[in-house]
Enquirer: 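Here's a structure for you.
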Amino acid sequence: MLLTDYAWPDDSVERSVIEKAGHTLVTGPADPASAEVIEELVAEHRPAGILTCWAPVSATAIGTSPDLRIVARLGVGLDNIAVDAATERGVWVTNVPDYCVEEVSDHAVGMVLAWTRGLAVSDRQVRAGRWNPAGARLRRLSTLTCGVVGFGRIGRATARKLGAFGCRILAHDPHPPKDAPGVEMVGLEELLRRSDVVILHVPLTPDTHHIIGAEQLELMPPGGLLVNVSRGGLVDTDAVVKALDGGHLDGAAFDVLETEPHVPAALLDQPGALLTPHIAFSSDASVTELRRRAAEEVVRILAGEAPAHARNSPLVPTTGSGDR
């Protein structure tokens, strides 16, 4: 088995699960390497399973190991895996879709509260020696309308938590639920026009790339907040900087960036920007659960069982005897 990269101190959890099942684990560099480096690792070790966190697993990598049967994502999104290539070669692709529902929704709500109560801005001012309570420009959350774009597990959790503060909740999803108590399901444009706060909870796909750009930001009421805790590519960062510069957007709270780990200087210069380093998923409990469950998917497939969370339907069966 090949662990391409990892966003935690060691590979002990993954190694324990893999080796207990009688397999060998080879670990790549902790920081995600380039697609070319991953391809070289796959060519060298010819793994039957790949566990990947952030590193790109390309079509070339998937086609390099004739024994490959599964690519397991240590996370939710699949934008770093060539899923179509895996499907064509009869390789399972899995993820752990529900390990961090509470953490990511908590992070989104925390960012909203930091904005309405001026927490980050006030902290910066106090540390700079400015004690100016009269200058605070704060908001009452219960009077605001919050729009949740993407109403899956995490979006529903965010809506539920925000609803407890008494604010109006709008939501948009291409596959709206039949019943969403306390939430008004609307189209994306209507959500943008009516929401003081817009929170993104959608995966990154060709259809959602830059789902928020200059045109969408202009639809929002002046002085609003944009929150992105999903994928950086959902947002046109240059458009956000311009909206902040011009005053149309008051705040942008981002846990993810299209250019991460590089942070554009123009965004850093914005006093209305609240930035965290892609940690919304993280807690002691969620990370341990993620690592264990992703490794268990690999073991499950190699034992000839069906995956718990398949994200494709391989064209060639890969369970049972392992014949390709």
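Bear in mind that the values here come from a model prediction, so they are computed numbers and not experimental data.
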Enquirer: Are any side-chain N or O atoms of Thr288 and backbone N or O atoms of Ala285, one a donor and one an acceptor, separated by less than 3.5 Å?
Expert: no
Enquirer: When you measure from the side chain of Asp11 to the backbone N and O of Glu14, does any donor-acceptor pair fall under 3.5 Å?
Expert: no
Enquirer: Going through the distances and angles, do Arg231 and Asp255 end up as a salt bridge (Lys or Arg N to Asp or Glu O under 4.0 Å)?
Expert: CA-CA 8 Å; Arg231 283 292 185 269; Asp255 182 58; over 6 Å; no
Enquirer: Going through the distances and angles, do Arg73 and Asp79 end up as a salt bridge (Lys or Arg N to Asp or Glu O under 4.0 Å)?
Expert: CA-CA 10 Å; Arg73 173 80 212 290; Asp79 47 288; 5.5 Å; no
Enquirer: Using a strict cut-off of less than 4.0 Å between a Lys/Arg side-chain nitrogen and an Asp/Glu carboxylate oxygen, indicate whether Asp84 and Arg89 qualify as a salt bridge.
Expert: no
Enquirer: Please round to the nearest 0.5 Å and tell me the distance separating atom CZ of Arg15 and atom OG1 of Thr24.
Expert: 9.0 Å
Enquirer: What is the distance from atom CZ of Arg127 to atom OG of Ser122, rounded to the nearest 0.5 Å?
Expert: 12.0 Å
Enquirer: Using side-chain heavy atoms (C-beta onward) and a distance below 4.5 Å, is Ile50 in contact with Val42?
Expert: yes
Enquirer: Taking salt bridge (charged side-chain N to carboxylate O under 4.0 Å, His left out) as the definition, give me every residue that meets it alongside Asp173, ordered by chain and number, with sequence neighbours left out.
Expert: none
Enquirer: Where is the tightest heavy-atom contact between Val186 and His172, given as atom of each residue plus distance?
Expert: O-ND1, 3.1 Å
Enquirer: Looking only at non-hydrogen atoms, find the nearest pair between Arg194 and Pro221 and report the distance.
Expert: C-CG, 4.4 Å
Enquirer: Can you name the residues that form a side-chain contact (heavy atoms from CB on, under 4.5 Å) with Lys242, not counting sequence neighbours?
Expert: none
Enquirer: Test of understanding: with ring-ring contact (aromatic ring centres under 6.0 Å, His included), list the residues that count as partners of His278, not counting sequence neighbours.
Expert: Trp54
Enquirer: Please examine the side chains of Val235 and Leu200, heavy atoms only from C-beta on, and report whether any two atoms are closer than 4.5 Å.
Expert: yes
Enquirer: Any ion pair linking Arg139 and Asp250 (charged N to carboxylate O, less than 4.0 Å)?
Expert: yes
Enquirer: Is there a donor-acceptor contact under 3.5 Å from the side chain of His201 to the main chain of Val104?
Expert: no
Enquirer: Can you list the steps and then say if Glu102 with His107 is a side-chain contact (heavy atoms from CB on, under 4.5 Å)?
Expert: CA-CA 8 Å; Glu102 298 305 325; His107 207 86; over 6 Å; no
Enquirer: Dump the intermediate steps for salt bridge (Lys or Arg N to Asp or Glu O under 4.0 Å) on Arg293 and Glu297, then the final yes or no.
Expert: CA-CA 6 Å; Arg293 290 175 59 189; Glu297 282 281 54; over 6 Å; no
Enquirer: May I have the step-by-step check of side-chain contact (heavy atoms from CB on, under 4.5 Å) for Leu226 and Phe254, ending in yes or no?
Expert: CA-CA 8 Å; Leu226 175 66; Phe254 293 164; 4.0 Å; yes
